[in-house]
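This report concerns only the one structure given below.
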Amino acid sequence: MARKDQMKLGFVLHGVGTNWSDWRHPARPTDASTDFAFYKYQAQLAEQGKFDFLFVSDSLSISDKSSPHDLNRFEPITIMSALAAVTSHVGLVGTLSVSYFEPFNVARQFASLDHISGGRAAWNVVTSWLDATAANFSDAPHPAHDVRYKIAAEFLDVVQGLWDSWEGDAILGDKANGRFIDPERLHTLNHHGEFFNVKGPLNIKRTPQDQPVIFQAGASEDGKNFAAARADAIFCNPDRLETAAEYYADVKTRAVGFGRRAEDVKIIPATRPFVGRTDEEAEAKYQELCELVSIDNALQLLGRPFNDHDFSVYDLDAPFPAEAAAAAGLGSNQSVSMRILKFAKDDNLTLRQTALRFATPRGHFVGGPEKVADAMQAWFEAHGADGFMIFETMPGQLELFVELVVPVLQARGLFRRDYAASTLRGLLEVPGVENRYTAARNKARLAEQG
Ligand SMILES: Cc1cc2nc3c(=O)[nH]c(=O)nc-3n(C[C@H](O)[C@H](O)[C@H](O)COP(=O)(O)O)c2cc1C
């Protein structure tokens with residue numbers, strides 16, 4: 001059934017490459033992840049393509065086995081503040097971890113970004129899945145999976161509470177009477193919880209979006225509940241339309257169960273297209289990527305969602321070591337690790353086959369512009385996605401996507417021809433947030449009146 005809304009598009013700024021292999025392509029600059037000119041070029045190109053948002057991922061621990069982009073990259077708020085100054089419409093989604101930051105800092109950073117960008121900031125709330133992260137933060141124990149989500153819920157309560165410190169009209173700027181603010185409109189949070197004690201108020205006024213947008217990507221039970229209850233937009237990683245549609249229906253149902261409208265939560269799968277001018281050209285690009293993958297790199301990539309498990313100790317041509325992998329994956333990145341375990345079991349794969357399949361995801365978006373647009377339309381119309389987050393699989397893919405695929409989507413009425421809103425909330429069509437104190441006062445006034 002045709003949908004009345006239009007799809008949302010995000011682009012992942014991933015510098016030198018999205019995995020352990022594509023960085024080796026001769027056309028990819030080795031220093032792309034720390035080259036501002038490279039980020040600026042991609043950000044402006046995505047904006048030319050009318051994308052809704054740019055996405056900056058993050059993690060907080062590396063080793064010599066980490067992927068090239070993870071090894072050496074910009075801190076998210078810093079790069080997004082710089083990009084805010086060289087773009088004007090596209091949203092800026094940055095990742096910060098609730099396990100290793102303080103809510104006051106995060107509230108202040110995203111509020112600042114929302115002001116600097118004129119209402120385009122979003123926070124991707126992550127919990128950090130690698131135990132090794134703790135060693136960079138004074139060795140406080142890495143919280144267990146379920147505890148991480150409890151921390152996340154309270155952390156977000158505090159951040160959103162701090163964002164409400166200032167009512168919209170708190171700054172008077174009344175020079176004649178010397179009143180800079182109205183103290184009645186500035187509020188102290190006084191939060192005392194299981195994990196955080198935060199007094200407030202926040203030291204920056206209410207932001208252009210009222211509150212920055214919240215992104216999340218949980219896929220475990222705890223993760224899906226957290227996302228459905230709290231996020232405006234949710235990333236996921238489905239491998240085919242059926243699993244995408246299942247996740248979509250599941251999370252939307254949960255959101256409704258939490259008293260929200262299904263359309264107020266946008267589901268945005270990660271997508272790795274290979275676009276060519278023809279289907280054959282796209283297929284050749286996919287094969288080109290496969291040729292860059294070494295088995296050593298594929299094993300490193302495979303280890304990541306399993307808490308950086310070392311798969312090099314097993315026989316490559318024996319069955320996938322499911323038992324050890326399950327133990328390592330459960331407390332780490334559950335969604336990805338369990339998906340790998342499932343396909344290895346279903347298809348009876350060896351370790352080598354599993355690693356190579358994970359390292360060279362072909363997906364359903366390989367082809368000329370019509371074919372890629374057809375697949376996106378099918379996912380969108382079958383309620384597998386409200387939009388797509390585009391990873392650049394090979395150098396030059398963003399250019400091809402903007403030049404070839406975006407016009408097809410626009411011609412079909414599936415994607416905007418121009419920006420019609422100035423904030424990210426407006427672009428994503430997610431609801432605004434009324435200040436809790438203003439709302440309470442308005443409610444009390446109405447009750448008095450009537
Ligand atoms: C598209 C996408 C992007 C993500 N980006 C990050 C990231 O930048 N940093 C991070 O620590 N986790 C990131 N994650 C992981 C999620 O935050 C979450 O840990 C993961 O989906 C596992 O959730 P679960 O433990 O509830 O299964 C991302 C997930 C997806 C699907």
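Indexing begins at 1, ligand by ligand and atom by atom, following the structure's order. Positions are given from 1, in the same order as the sequence printed here.
Relative to the six-membered ring of Y286, R362 meets both conditions, a distance below 6.0 Å and an angle of at most 45° to the axis. Figure legend: cation-pi geometry between R357 and F343, with NZ or CZ positioned under 6.0 Å from the six-membered ring centre and within 45° of its axis.
Heavy-atom distances between H145 and ligand 1 reach below 4.0 Å in at least one pair. The closest approach between any non-hydrogen atom of A219 and ligand 1 is below 4.0 Å.
Checked against a 6.0 Å centroid threshold, the rings of F74 and Y39 count as neighbours. For W379 and F365, the ring centers are positioned less than 6.0 Å apart.
In this structure, the protein non-hydrogen atom closest to atom 22 (C) of ligand 1 is N333 OD1, 3.0 Å. Nearest protein neighbour of atom 27 (O) of ligand 1, counting heavy atoms only, is S335 N, 3.0 Å. With hydrogens left out, the protein atom closest to atom 7 (C) of ligand 1 is D58 O, 3.5 Å, a heavy atom.
Results of the ring pair (Phe, Tyr, Trp, His ring centres under 6.0 Å) test with F55 over F235, F11, F215 single out F235 as the only residue that passes. When the options F195, W123, Y149 are evaluated for a ring pair (Phe, Tyr, Trp, His ring centres under 6.0 Å) with F155, the one that passes is W123.
Nearest to atom 6 (C) of ligand 1 by heavy atom, out of L130, T133, V126, is V126. Evaluated by nearest non-hydrogen atom to atom 30 (C) of ligand 1, the leading choice among G331, S99, A217, P305 is A217. The residue from F55, F235, W129, F391 that puts a heavy atom closest to atom 12 (N) of ligand 1 is W129.
Looking at heavy atoms from C-beta onward, D164 lies in side-chain contact with Q211 at the 4.5 angstrom threshold.
Taking every non-hydrogen atom of G223 and a distance limit under 4.0 Å, the qualifying atoms of ligand 1 come out as 26 (O). Which parts of ligand 1 touch Q334 is read off a 4.0 Å heavy-atom cut-off, strictly below it: atoms 25 (O), 27 (O). Each of the following atoms of ligand 1 lies closer than 4.0 Å to a heavy atom of S57: 8 (O). Less than 4.0 angstrom separates some heavy atom of M389 from each of these atoms of ligand 1: 1 (C). Distances below 4.0 Å separate heavy atoms of T95 from the following atoms of ligand 1: 7 (C), 8 (O), 9 (N). Near G218, meaning under 4.0 Å from one of its heavy atoms, ligand 1 places the atoms 23 (O), 26 (O). Against a heavy-atom cut-off of under 4.0 Å, Y149 is close to the following atoms of ligand 1: 23 (O), 24 (P), 25 (O), 26 (O).
Taken from CG in L330 to CG in N307, the straight-line distance is 11.5 Å, to the nearest 0.5 Å. Atom CD of Q287 is separated from atom CD of E291 by 7.0 Å, given to the nearest 0.5 angstrom.
Taking any N or O of S220, backbone or side chain, at least one lies under 3.5 Å from an N or O belonging to ligand 1.
Here the closest heavy-atom approach between residue F51 and residue Y419 is recorded as O-OH, 2.6 Å.
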